[in-house]
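Because the structure is predicted, anything quoted here is derived from the model rather than measured.
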Amino acid sequence: MSKAKIDNAHGRDNSSAGADVGDECLRGLARRLARACRRVIQACLREEEWRDADEEFYDVILAGLRELEARNETKRRSGTR
C-alpha cells in the first residue's frame, strides 16, 4: 500500500510542505513494518482485508515509534541513558 493511501485513509494531510523529516522517516518505517506484519498473517486474511490490516498495524507501530522517540528525547534532555 502506498504512503499516500495509508496517510489519506487516516485523514492525514500528505502535502509535506515543511513536514518534519524525522516524522517522515518514522512514518516510512511504520509503513514498511506494517506491511511486513501483514505478510505474516496474510494467509489468514481475505485479500480485501489486507489494506485494513496494513492500516491497523501502521497505527500501532507509528504510535510505538513516536512513544519511543519521545522517551529517548526526554532521556537526552535529562542526560540519562
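- With values rounded to the nearest 0.5 angstrom, Cys25 atom SG is found 9.5 Å from Glu69 atom CD.
- For the side chain to side chain donor-acceptor pair (under 3.5 Å) test, residues two or more places apart in sequence or in another chain that qualify with Glu73 are Arg76, Arg77.
- The two residues Leu29 and Leu65 make their nearest non-hydrogen contact at CD2-CD1, 3.9 Å.
- Across all non-hydrogen atoms, the minimal contact from Ala34 to Tyr58 is CB-N, 3.5 Å.
- Under a hydrophobic clustering in which Ile, Leu, Val, Met, Phe, Trp and Tyr are joined whenever their side-chain heavy atoms come within less than 4.5 Å, directly or via other members, Ile41 and Leu33 fall into the same cluster.
- No more than 12 heavy atoms of other residues, nucleotides or ligands sit less than 6.0 Å from atom CD of Glu47.
- Between Ala30 and Ile61, the closest heavy-atom pair is CA-CG2, 3.7 Å.
- Side-chain contact check for Leu62 versus Arg31: every heavy-atom pair is 4.5 Å or farther apart.
- Between Arg35 and Asp54 there is no salt bridge, since no side-chain nitrogen of the basic residue lies less than 4.0 Å from a carboxylate oxygen of the acidic one.
- No continuous path of ILVMFWY side-chain contacts below 4.5 Å connects Val40 to Val60, so the two sit in separate hydrophobic clusters.
- Between the side chain of Glu55 and the backbone N or O of Asp52 there is no donor-acceptor pair closer than 3.5 Å.
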